[in-house]
There are 2 protein chains.
Amino acid sequence: MPRRHGPSATAVSAGHVLRLIRTGEAATRAEIARVTRLSRPSVASRVAELMDLGLVTEGDHGPSSGGRPPGRLAFDAGGGVVLSAALGISRSQAAVCDLAGRVLARTEGSPEVAQGPDTALPWLLGTWERLLAECGRAPHEARGVGIGLPGTVRFALGRAEEPPVLPGWGGVDIAPLVAERFPVPVLLDNDVNVMALGSHTADYPDADDLVFVKVSTGVGAGIISGGALVRGTLGAAGEIGHIPVPDGGGTACRCGNTDCLEAVAGGPALLARFSGAGREAAGVQGLAAMASDGDADAVALVREAGRRVGEVLAGAVNLLNPEVIVLGGHLGTAFDPLAAGVRETVFRRATALASRQLRIVPNRSGGEAGLRGGAAMVLDHVLAPEAVNAAIAERSGEPEPEKAAGRS
Amino acid sequence: MPRRHGPSATAVSAGHVLRLIRTGEAATRAEIARVTRLSRPSVASRVAELMDLGLVTEGDHGPSSGGRPPGRLAFDAGGGVVLSAALGISRSQAAVCDLAGRVLARTEGSPEVAQGPDTALPWLLGTWERLLAECGRAPHEARGVGIGLPGTVRFALGRAEEPPVLPGWGGVDIAPLVAERFPVPVLLDNDVNVMALGSHTADYPDADDLVFVKVSTGVGAGIISGGALVRGTLGAAGEIGHIPVPDGGGTACRCGNTDCLEAVAGGPALLARFSGAGREAAGVQGLAAMASDGDADAVALVREAGRRVGEVLAGAVNLLNPEVIVLGGHLGTAFDPLAAGVRETVFRRATALASRQLRIVPNRSGGEAGLRGGAAMVLDHVLAPEAVNAAIAERSGEPEPEKAAGRS
DNA sequence: GCACTTCTGTAAAAAAATCTTCAGAAGGAT
DNA sequence: ATCCTTCTGAAGATTTTTTTACAGAAGTGC
């Protein structure tokens with residue numbers, strides 16, 4: 001049966017072919033031709049374009065099925081890099097990641113971030129350049145930048161909401177400042193949202209309904225629903241730290257309310273109770289370490305915190321029906337006691353249906369969740385079929401396809 | 001400057017042109033050409049295809065800007081219909097809607113639905129045919145079917161989850177049964193989800209983060225985040241009826257738990273308390289009507305119910321940061337007292353940031369929310385650019401573009 | 001009333017993309 | 001070792017799509 005000419009009913013672009021290769025749906029030219037019903041030359045042309053962009057490489061030969069073995073095509077994770085950062089008051093991280101989202105080089109430290117973008121941004125840009133050199137990459141190889149920072153961030157606007165958690169960052173248009181040095185897409189989001197994205201992409205890719213909970217000094221959540229982040233109107237979605245919990249005992253929270261989850265189960269509250277019982281711990285991390293080591297007092301405290309977090313999460317489970325809840329943050333490193341507490345209340349308070357498929361799992365990315373998430377965020381954007389097609393068109397067409405003259 | 005030939009960097013399909021016309025971004029051929037940077041003949045050809053499909057009509061002449069006035073293009077809402085249904089235990093509705101989602105003809109009643117699809121489906125199909133005849137439309141003009149039904153529905157699977165709220169409907173593949181009579185896309189979802197979609201599309205189209213709350217016999221919510229429905233793994237998202245409320249007094253709920261929102265603020269609970277105070281009402285609707293008329297006892301009761309609902313919604317606000325909360329359902333018709341109670345607690349318990357832009361508003365669609373939502377659900381699907389392109393390709397190409405022979 | 005401007009439609013030409021055909025490469029099977 | 005099968009690349013032919021060019025239609029303004 002001769003195929004008809006011209007584009008098929010469902011046009012298959014180079015970006016679409018990249019998706020087939022990335023997801024493993026088709027690994028050789030012949031396979032792509034079969035799956036897409038495109039002719040071999042068409043496939044070859046698209047693959048060549050992707051190779052030009054450095055997004056695809058020809059790997060080892062595949063298994064022969066009786067004839068010449070196919071050239072196995074693979075997504076070229078090394079064909080570029082993305083820059084990633086996780087900013088925080090007590091800790092900041094920066095990394096260079098490959099196109100698969102793997103961390104190639106990273107740094108940690110430098111708390112100058114709390115002094116505002118004027119001092120933090122130069123540090124960040126310089127750090128990225130140093131990290132690029134460290135792993136032998138040129139700055140022009142960067143294809144995108146993903147940044148997570150505390151507080152509510154207007155993803156669409158690319159800046160932090162007022163009032164900011166990080167002093168001085170509110171209302172500042174950060175993306176253009178970064179783009180001066182790295183003229184590529186710059187994406188920003190809330191730190192926990194980014195961690196959720198990282199956990200989803202790196203550790204639980206099949207869980208399209210995922211809630212990432214960060215339990216550290218503060219308590220926050222990043223919500224992924226149907227594979228996409230839930231951000232809310234102002235970017236304030238996932239702020240579970242200030243949901244009131246029953247039997248809070250009237251504990252005052254820094255937000256002005258009482259019985260907030262954070263005031264009851266956050267790091268400072270636990271540390272205060274720990275020292276009230278005559279024990280001492282080196283911060284939240286120390287407490288988590290002691291709980292992991294089996295210290296009875298610490299375990300009890302963390303488990304109780306888990307119960308409190310679980311009370312709020314039960315509501316979230318009923319509301320969102322997630323598939324997995326990931327426990328992250330410093331207290332999340334003491335996974336067993338924390339999860340025990342969470343499970344206790346979640347499975348008691350949530351409806352049978354909403355919790356039927358629910359799994360409560362650890363953050364497998366450890367301290368890299370934020371960095372991986374930043375990379376994943378911008379990779380989603382940069383590797384999307386439309387973006388890839390646009391990149392191909394730009395490479396062989398006019399350099400600047402200026403916007404239409406009509407109404408914006 | 002001469003334009004270059006061939007497809008532009010961003011291919012603009014007929015489906016995309018339809019979107020421009022539907023959203024009002026471009027209303028004339030010349031305008032489309034300017035916006036898309038397509039040549040006039042290309043635009044004309046795409047417009048002609050859309051006219052062939054009955055999706056676009058040439059309306060009255062637009063205002064002249066010094067020369068021949070442009071032919072004003074408009075989305076042809078009358079170029080087809082969609083069938084919509086909102087099934088429930090005590091009430092079922094069916095409607096024929098135009099392509100703008102407006103209800104052309106509707107019926108209400110017939111509680112045979114509780115006997116399972118075997119008896120309800122024939123009624124539904126027959127009712128649709130009757131309604132089609134009523135508004136002078138042929139069955140083949142139907143382009144899609146959207147159905148909302150109580151309980152958790154697996155949207156992707158097109159059937160209700162076990163155990164079903166509607167007896168006999170669990171696990172039944174409903175879409176194929178409907179498609180036998182109407183060979184068009186058949187979409188199913190939870191009734192409240194569908195109402196949320198209807199409220200979003202018809203009444204609050206700018207609110208991309210919306211929570212629709214139905215307060216009737218049961219209490220449930222439909223969540224729209226970023227313009228898309230939040231469904232959850234099993235389709236159980238939005239089941240707020242069984243979130244435990246503080247100070248519930250140990251009220252037993254039919255689900256087995258205690259202090260569920262539904263057990264405290266649902267219709268039966270309110271009616272019981274009303275009659276306990278020596279008053280009588282004709283069901284939930286009657287109670288709502290009395291509250292709307294200013295009956296002091298009824299108002300107090302509804303307002304108290306609003307407070308209870310608000311306690312749960314405060315958590316949802318912190319979690320999802322919606323822009324609007326729509327109060328629907330029978331009790332929602334007593335909007336003022338209900339909203340007063342909801343506002344009271346929501347704005348006390350929710351964080352300042354999450355509730356800063358929050359509006360609590362009435363369901364403006366009244367009893368049509370479900371019907372409009374069913375139409376909106378399937379229209380989203382049928383009028384999507386890809387679907388439109390596929391329809392055009394099918395019309396002038398091979399009738400059955402059989403699937404690729406490769407792996408599924 | 002007439003020139004001008006703007007918008008729309010048709011036809012021919014150019015460009016792009018696609019497919020088919022042919023030739024070569026590389027391993028497995030007999 | 002030779003044939004066969006499968007996969008890949010290159011050139012030519014064909015189709016589709018798009019653009020340019022031209023002609024007509026329908027208002028406005030002088």
Side-chain angles (χ1 to χ4, degrees), chain A residues 1-17 26-52 56-73 389 392-393 396-398 405-406, chain B residues 1-14 16-17 21 26-52 56-73 389 392-393 396-398 405-406:
Chain A
M1 170 183 66
R3 305 218 189 94
R4 76 175 200 293
H5 290 209
S8 57
T10 51
V12 180
S13 65
H16 191 75
V17 170
T28 72
R29 290 179 180 79
E31 225 168 49
I32 295 170
R34 276 196 296 269
V35 171
T36 62
R37 301 184 73 84
L38 249 45
S39 69
R40 268 71 53 93
S42 298
V43 172
S45 133
R46 283 160 174 65
V47 169
E49 287 172 334
L50 294 173
M51 284 181 166
D52 272 1
V56 164
T57 43
E58 192 131 19
D60 52 345
H61 285 194
S64 164
S65 58
R68 169 176 174 175
R72 189 163 278 280
L73 298 171
N389 291 340
I392 290 171
S396 63
E398 69 260 42
Chain B
M1 171 183 65
R3 305 218 188 95
R4 75 177 199 294
H5 288 209
S8 58
T10 51
V12 180
S13 65
H16 191 77
V17 170
I21 296 173
T28 70
R29 289 178 181 81
E31 224 167 51
I32 295 170
R34 275 195 297 269
V35 171
T36 62
R37 300 185 74 82
L38 249 44
S39 68
R40 268 71 53 93
S42 296
V43 171
S45 132
R46 282 160 174 66
V47 169
E49 286 172 336
L50 293 173
M51 284 181 167
D52 271 1
V56 164
T57 43
E58 191 134 19
D60 52 346
H61 284 195
S64 164
S65 57
R68 169 177 173 174
R72 189 163 279 281
L73 299 171
N389 291 339
I392 290 172
S396 64
E398 71 262 40

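The sequence lines fix the lettering, A, B, ..., with proteins before strands; numbering per chain opens at 1.
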Is R46(B) close enough to dT18(D) that one of its side-chain N or O atoms is under 4.0 Å from OP1 or OP2 there?
yes
Rounded to the nearest 0.5 Å, the CZ atom of R29(B) sits from the CZ atom of R72(B) at a distance of 12.5 Å
Keeping the roles fixed (side chain from R46(A), backbone from V12(A)), state whether a donor-acceptor pair exists under 3.5 Å.
yes
If each of P70(A) and P41(A) is mapped to the nucleotide of DNA chain D with the nearest heavy atom, which maps nearer the 5' terminus, i.e. the 5' end?
P70(A)
Separation of atom CD in E58(A) from atom C1' in dA25(C), rounded to whole Å
13 Å
Between dG9(D), dT8(D), dA26(C), which nucleotide gets closest to the side-chain atoms of P69(A)?
dA26(C)
Minimum heavy-atom separation for E58(A) and G71(A), please, with both atom names.
OE2-CA, 3.4 Å
In whole angstroms, how far is the P atom of dT18(C) from the CD atom of E49(A)?
9 Å
Expressed in angstrom and rounded to an integer, what is the separation of R37(B) atom CZ from dT17(D) atom P?
22 Å
State whether S42(A) places a side-chain N or O below 4.0 Å from either non-bridging phosphate oxygen (OP1 or OP2) of dC19(C).
yes
Between atom CZ in R29(A) and atom P in dA25(C), what is the gap in whole Å?
16 Å
Euclidean distance, atom CZ of residue R72(B) to atom C1' of dT6(C) [Å, nearest integer]
15 Å
Expressed as a whole number of angstroms, how long is the span from R40(A):CZ to dA11(D):P?
18 Å
Would you kindly give the CG-to-P distance between N389(B) and dT17(D), to the nearest whole Å?
12 Å
Could you pull out the closest heavy-atom pair between A14(A) and I392(A), with the gap in Å?
CB-CD1, 3.4 Å
Rounded to whole Å, please give me the gap between CZ in R68(B) and P in dG24(D).
13 Å
